[in-house]
Participant: 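Handing you this structure, nothing more for now.
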Amino acid sequence: MERIQFEVEPSIDEREKEDETQVPDESGSDETTVPDYQLARDRERRVIKPPNRLGYADLICYALNAAEEVQDSEPKNFREASESIYSKDWLKAMNEEMLSLEKNQTWKLVPLPKNKRVVGSKWVFKRKEGIPGVEAPRYKARLVAKGFTQVEGVDYNEIFSPVVKHCSIRVLMAIVNMYDLELEQMDVKTAFLHGELEETIYMQQPEGFVEDNSKVCLLKKSLYGLKQSPRQWYRRFDDFLLKTGFVRSNYDSCVYMMKRNEKVILYLILYVDDILMASSDKHEIQKLKEKLNGEFEMKDLGNAKRILGMDILRDQSKGELFLSQHDYLTKVVERFRMTDSKVVKTPLGHHSKLSIKQCPQSEDERKKMESTPYASGVGSIMYGIVCSRPDLSYAISVGGLKYTRTDPGRDALEGYVDADYAGNIDTRKSLSGFVFTLFGTAVTWKANQQSVVALSTTQAEYIALVEGVKEAILLKGMIGEMGISQGCVKIHCDSQSAIHLANHQVYHERTKHIDIRLHFVRDMIETKEIMVQKIASEENPADMFTKSLPRTKFKHCLDLINFVEE
């Protein structure tokens with residue numbers, strides 16, 4: 001997911017040019033245009049495909065990319081910015097970026113050594129929406145390196161960098177609201193420039209700011225666009241927090257806690273350069289801000305108002321916190337010209353079934369669909385699902401998750417699972433769905449197609465139960481680290497046969513085919529980590545993740561997880 005941060009994709013011409021300079025000719029000769037070519041280092045490597053279990057993460061990445069397209073109306077390059085009606089604003093933004101780079105001593109100009117590679121550079125422009133009441137909209141220019149020209153083993157080695165899970169943010173929101181904590185936000189200016197490079201990298205001078213045509217930039221600090229930049233920034237920030245006294249979560253590497261006398265006194269969540277911090281003591285937050293300002297160049301945004309496109313609306317006197325994506329979804333509707341469309345209350349008509357047979361069949365139908373941004377539209381809506389919209393219905397009206405304070409004696413974490421047997425009419429695979437609530441409001445949810453064809457409703461429900469149990473284990477561990485005491489997690493299921501199969505170590509002719517690896521659910525029940533309880537289908541909110549429902553039932557499911565209209 002770090003690829004979303006100002007990555008610059010190569011053009012076809014640039015790719016061909018790189019191929020010409022890096023790969024030896026087909027005649028078998030050792031002569032190439034790059035004298036230091038080494039077969040072991042520079043040979044073309046096979047493409048490693050991610051395993052199927054990473055499919056859900058891929059869907060999130062796809063949704064994030066589609067969300068970026070919705071708001072993408074900025075200049076594509078230096079020339080467009082210079083000719084734009086807002087050219088003065090963009091030029092001012094570029095000058096500010098150059099001053100920041102000079103202040104940080106990001107590079108020094110040197111002659112290019114013989115046989116050394118040069119990484120290209122490019123300007124990326126973004127109009128920031130700002131935060132209502134805190135920060136006005138502003139123009140931002142970012143100088144990035146063309147990371148796609150880097151060679152593995154020469155210009156970079158390790159590049160993985162973690163990003164916070166969306167469910168971690170929702171968990172923090174639930175805790176903040178339940179215990180009436182202070183919630184504030186900071187932004188790291190030019191975050192990636194704080195990372196220290198371990199490789200020697202030469203880069204072209206920025207367009208429009210060339211000082212000496214005979215020289216190139218020798219990078220001394222990390223820069224946006226380099227493949228290793230997110231990793232180097234995370235390592236720098238992580239080292240600083242650990243030295244300050246924070247403890248990193250074992251369940252999310254971007255969640256940190258500071259404890260005193262075994263009690264959490266301060267929470268911190270990092271998403272690239274956005275920081276959320278929460279504490280019951282405002283003085284503790286202020287001390288942390290001072291430490292951060294002493295180490296990095298920071299911007300104090302005060303009370304948290306927006307994170308990852310989600311607006312945070314809070315009424316502390318009523319004990320309520322509301323997460324909404326109104327502005328983003330309004331842009332989605334406008335982009336796909338649906339502002340005058342009829343509003344519906346359910347995402348799909350009752351009894352509706354989608355099939356591959358509905359795809360274009362003739363050549364004319366396929367050409368017509370090529371001009372229809374169907375995939376982009378689906379991805380744009382999916383980003384809403386990832387953040388705050390488990391309903392996938394009020395895509396044109398306004399809605400979101402409302403966190404409220406509940407009875408302290410009530411179980412903090414509860415889960416609901418469901419399955420739709422043979423729900424895919426093409427492959428006859430079943431659909432799984434689950435949703436977990438913390439203090440009564442949804443914090444994580446998922447709906448996906450099962451990887452195997454279930455031979456019975458019992459097997460389909462049991463597979464869904466397994467997915468729910470795995471999520472419960474993660475959430476229980478996470479909230480435990482964050483100071484929330486949770487005993488046996490209750491998971492509600494509307495299939496009596498699946499519950500019986502989970503609770504009893506019984507061999508039966510009808511269930512002998514069920515994969516033995518799925519039976520770890522029994523171990524979790526045996527150790528009292530999990531408890532599976534029967535729930536009526538009418539009271540199971542996970543039902544809306546696996547099938548289309550009538551309006552009344554759908555609305556009731558939303559009420560059960562505290563999804564409300566604003």
Side-chain angles (χ1 to χ4, degrees), residues 1-7 50-51 53-61 63-64 156-176 183 185-188 191-198 222 224 226-259 264-279 288 291-292 295-296 298 304 307-308 310 386-387 413 436 438 443-444 446 470-484 486:
M1 295 175 71
E2 68 271 12
R3 283 182 283 176
I4 297 168
Q5 298 299 318
F6 298 101
E7 179 169 339
R53 67 177 182 274
L54 299 181
Y56 186 62
D58 291 340
L59 288 178
I60 292 178
C61 290
L64 290 171
Y156 69 93
N157 291 296
E158 297 293 332
I159 63 173
F160 172 76
S161 176
V163 291
V164 70
K165 299 180 177 70
H166 287 79
C167 75
S168 300
I169 296 175
R170 293 188 290 265
V171 166
L172 180 64
M173 295 298 109
I175 293 174
V176 163
L183 180 65
Q185 188 172 10
M186 295 190 81
D187 178 75
V188 186
F192 285 6
L193 304 187
H194 294 288
E196 300 291 339
L197 282 178
E198 298 173 350
S222 181
Y224 286 88
L226 294 177
K227 291 182 180 293
Q228 64 266 54
S229 290
R231 178 182 177 84
Q232 297 305 110
W233 155 242
Y234 172 78
R235 289 178 62 183
R236 170 81 186 279
F237 190 82
D238 179 72
D239 289 342
F240 171 76
L241 285 187
L242 296 181
K243 291 177 182 177
T244 306
F246 278 88
V247 178
R248 187 195 313 116
S249 170
N250 292 316
Y251 299 89
D252 191 328
S253 297
C254 293
V255 176
Y256 299 84
M257 293 81 62
M258 181 179 285
K259 298 184 179 182
V264 179
I265 62 169
L266 193 59
Y267 299 96
L268 184 144
I269 281 182
L270 172 71
Y271 184 85
V272 188
D273 57 358
D274 287 324
I275 298 173
L276 285 179
M277 50 193 73
S279 176
L288 175 60
K291 291 179 181 178
L292 289 170
E295 185 73 12
F296 310 106
M298 307 290 298
I307 183 73
L308 298 183
M310 295 182 286
V386 169
C387 292
L413 183 66
F436 281 82
L438 184 61
V443 291
T444 184
K446 183 179 179 180
K470 291 192 291 186
E471 190 73 10
I473 295 170
L474 181 144
L475 286 173
K476 182 181 179 181
M478 178 184 290
I479 66 173
E481 286 184 335
M482 299 176 78
I484 308 300
Q486 173 72 42

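The basis for the numbers below is simple: all heavy atoms, side chains too, and nothing from hydrogens, waters or symmetry mates.
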Participant: Any idea how F296 and H194 line up, ring-wise: parallel (<30°), tilted (30 to 60°), or perpendicular (>60°)?
Facilitator: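 Rings of F296 and H194: perpendicular, over 60°.
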Participant: State, yes or no, whether a side-chain contact exists between I484 and L413 at a heavy-atom distance under 4.5 Å.
Facilitator: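 A side-chain contact under 4.5 Å is absent here.
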Participant: What I want to find out is whether R231 reaches E198 closely enough, with some N-O distance under 4.0 Å, to be called a salt bridge.
Facilitator: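 Looking at E198 together with R231, the answer is no, because their closest N to O distance does not fall below 4.0 Å.
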Participant: Of all heavy-atom pairs between A304 and L276, which one has the smallest distance, and what is that distance?
Facilitator: CB-CD2, 3.7 Å
Participant: Out of curiosity, L241 CG to R248 CZ, how far, rounded to the nearest 0.5 Å?
Facilitator: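 That separation rounds to 9.5 Å.
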Participant: How long is the gap from CD1 on I159 to CD on Q232, to the nearest 0.5 Å?
Facilitator: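 It is 11.5 Å, given to the nearest 0.5 Å.
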Participant: Enter the distance from D238:CG to L270:CG here, rounded to the nearest 0.5 Å.
Facilitator: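 Output value for this atom pair is 9.0 Å.
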Participant: Apply side chain to side chain contact (heavy atoms under 4.5 Å, CB included) to residues T244 and Y256 and explain how you reach the verdict.
Facilitator: CA-CA 11 Å; T244 306; Y256 299 84; over 6 Å; no
Participant: Just do the side chain to side chain contact (heavy atoms under 4.5 Å, CB included) check on D187 and M298 with the steps written out, would you?
Facilitator: CA-CA 6 Å; D187 178 75; M298 307 290 298; over 6 Å; no
Participant: Find out whether E295 and R236 are in side-chain contact, i.e. whether some heavy atom of one side chain is under 4.5 Å from a heavy atom of the other.
Facilitator: yes
Participant: Tell me, do I265 and K259 make a side-chain contact under 4.5 Å, heavy atoms counted?
Facilitator: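 I265 does not reach K259 side chain to side chain.
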Participant: Would you say Y234 and C254 make side-chain contact, with heavy atoms under 4.5 Å?
Facilitator: yes
Participant: Between CD of Q228 and CD of E158, what distance do you get to the nearest 0.5 Å?
Facilitator: 11.0 Å
Participant: Taking G195's backbone N and O only, do any of them form a donor-acceptor pair with S222's side chain (distance below 3.5 Å, no angle check)?
Facilitator: no
Participant: Starting at OG of S229, measure out to CG of L193 and round the result to the nearest 0.5 Å.
Facilitator: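 So the OG of S229 and the CG of L193 are separated by 8.5 Å.
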Participant: Is there a side-chain contact between V247 and E481 in this structure, where contact means two heavy atoms from C-beta onward sitting under 4.5 Å apart?
Facilitator: no
Participant: Which atoms form the tightest heavy-atom contact between A191 and Y224, and what is the distance?
Facilitator: N-OH, 3.1 Å
Participant: So, taking the atom named CZ in F246 and the one named CE in M257, what distance separates them when rounded to the nearest 0.5 Å?
Facilitator: 10.0 Å
Participant: For S168 and M478, work out which heavy atoms get closest and say how close.
Facilitator: OG-CE, 3.3 Å
Participant: Side chains of F192 and L226: closer than 4.5 Å at any heavy-atom pair?
Facilitator: no
Participant: Mind checking whether M173 and L183 have side chains closer than 4.5 Å, heavy atoms only?
Facilitator: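 When only atoms from C-beta onward are counted, L183 and M173 do touch, with a gap below 4.5 Å.
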Participant: Are the side chains of F237 and I275 in touch, meaning some heavy atoms are under 4.5 Å apart?
Facilitator: yes
Participant: Checking V188 against W233 for the side chain to side chain contact (heavy atoms under 4.5 Å, CB included) test, could you report, in this order, the C-alpha distance in whole Å, the side-chain angles of both residues, the deciding distance, and whether it holds?
Facilitator: CA-CA 11 Å; V188 186; W233 155 242; 3.8 Å; yes
Participant: Take F240 and L292 through the side chain to side chain contact (heavy atoms under 4.5 Å, CB included) test and state the conclusion after the steps.
Facilitator: CA-CA 9 Å; F240 171 76; L292 289 170; 3.5 Å; yes
Participant: Please answer whether the main-chain N or O of Y251 pairs with a side-chain N or O of S249 as donor and acceptor at a distance below 3.5 Å.
Facilitator: yes
